[in-house]
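Report on one structure; see the data block that follows.
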Amino acid sequence: APEGRRIFPRMSVKENLELGAFLRNDKAAVNADMDRVLDLFPRLKERIKQTAGTMSGGEQQMLAVSRALMGDPKLLLLDEPLAGVNPKLAEEILDIIKNLSIEGINIIMVEHNINAVMKISERVVVMAEGKIIADGEPEVIRNNENVIEAYLGKANE
């Protein structure tokens, strides 16, 4: 799911989701996955016929993640899924991402909100100025001096 959502704004929610599965041939599996993503994101179910560009930024982000899921990925790449999303929707998206991981989908997520990432991650790699400054479990990262200085601020101490 690319940064900036990159949905097809003039198409409906359903059409955007169908495009996520365009390489798949098993219609029954595609329909089952459509039902699954709509269950994961009930707001999208409510707006299935709505033109995607008329939805809020958070709803568009949900659509971008759902469209990626329609490809039946083994590895889900998420580029800033919380960017421009209000805190309530961000929590919903984080919960869904965590549940997808529990279900067995491997996830690599690039996100500037390091505190949110650490809530749901098993492993965190922190970069600053193009270099890895820390790598490990969230608790290790949370106490890493380089990370505290670069991202979390001295208030975390």
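Keep in mind that what you see is a predicted model, and the values were worked out from it rather than measured. Position 1 is the first residue of the sequence; numbering continues from there.
- Smallest separation of non-hydrogen atoms from I93 and G58: CD1-O, 4.4 Å.
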Please step through side-chain contact (heavy atoms from CB on, under 4.5 Å) for the pair E18 and E15, ending with a clear verdict.
CA-CA 5 Å; E18 290 169 342; E15 290 166 330; 4.3 Å; yes
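- Under a hydrophobic-cluster definition in which Ile, Leu, Val, Met, Phe, Trp and Tyr are linked whenever side-chain heavy atoms come within less than 4.5 Å, directly or via other members, M11 and V13 are assigned to different clusters.
- Considering CG of L82 and CD1 of I97, their distance stands at 6.0 Å, rounded to 0.5 Å.
- At distances below 3.5 Å, not a single donor-acceptor pair connects side-chain atoms of Q60 with backbone N or O atoms of I7.
- For the atom pair CG (L19) and NZ (K14), the distance works out to 12.5 Å, reported to the nearest 0.5 Å.
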Worked check of side-chain contact (heavy atoms from CB on, under 4.5 Å) between L44 and V37:
CA-CA 9 Å; L44 297 181; V37 298; 5.9 Å; no
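- Taken to the nearest 0.5 Å, the CG atom of L38 stands 11.5 Å off from the CZ atom of R36.
- Under the 4.5 Å side-chain heavy-atom criterion for ILVMFWY residues, a single connected hydrophobic cluster contains both V30 and I48.
- Side-chain atoms of E46 and E59, non-hydrogen and from C-beta on, never get closer than 4.5 Å to each other.
- A 6.0 Å sphere centred on CD of E103 holds more than 12 heavy atoms belonging to other residues, nucleotides or ligands.
- Residues L76 and A68 come closest through the heavy atom pair CD1-CB, 3.6 Å.
- Pairs passing the salt bridge (Lys or Arg N to Asp or Glu O under 4.0 Å) check and including a residue from residues 130-140, sequence neighbours excluded, read R123-D135, E139-R142.
- In this structure, the side chains of L40 and L100 come closer than 4.5 Å at one or more pairs of heavy atoms.
- Here the side chains of I96 and V65 are not in contact, with every heavy-atom distance at 4.5 Å or above.
- Under a cut-off of 6.0 angstrom, the local environment of CG in D39 is crowded, with over 12 non-hydrogen atoms contributed by other residues, nucleotides or ligands.
- Minimum heavy-atom separation, L69 to I105: CD2-CD1, 4.0 Å.
- Note: M70 CE to N16 CG = 11.0 Å, rounded to the nearest 0.5 Å.
- Between the CG atom of N106 and the CG atom of L77 there is a distance of 10.5 Å, given to the nearest 0.5 Å.
- Minimum interatomic distance between L17 and S66 (heavy atoms only, all atoms of both residues): CD2-CB, 3.5 Å.
- Atom CG in L89 sits 4.5 Å away from atom CE in M62 (nearest 0.5 Å).
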For side-chain contact (heavy atoms from CB on, under 4.5 Å), just list the numbers for K98 and L94, CA-CA rounded to whole Å, side-chain angles, deciding distance to a tenth of an Å, and then say yes or no.
CA-CA 6 Å; K98 179 67 174 176; L94 282 173; over 6 Å; no
Determine, step by step, whether E80 and Q61 satisfy the side-chain contact (heavy atoms from CB on, under 4.5 Å) criterion, reporting the C-alpha distance in whole Å, the side-chain angles of both residues, the deciding distance to 0.1 Å, and the verdict.
CA-CA 9 Å; E80 297 190 39; Q61 191 62 51; over 6 Å; no
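- Of all the heavy atoms in K49 and S12, the pair that sits closest is O-CB, 3.8 Å.
- Surrounding CD1 of I108 are at most 12 heavy atoms belonging to other residues, nucleotides or ligands under 6.0 Å away.
- Considering all non-hydrogen atoms of both residues, P138 and E122 come closest at CD-O, 3.5 Å.
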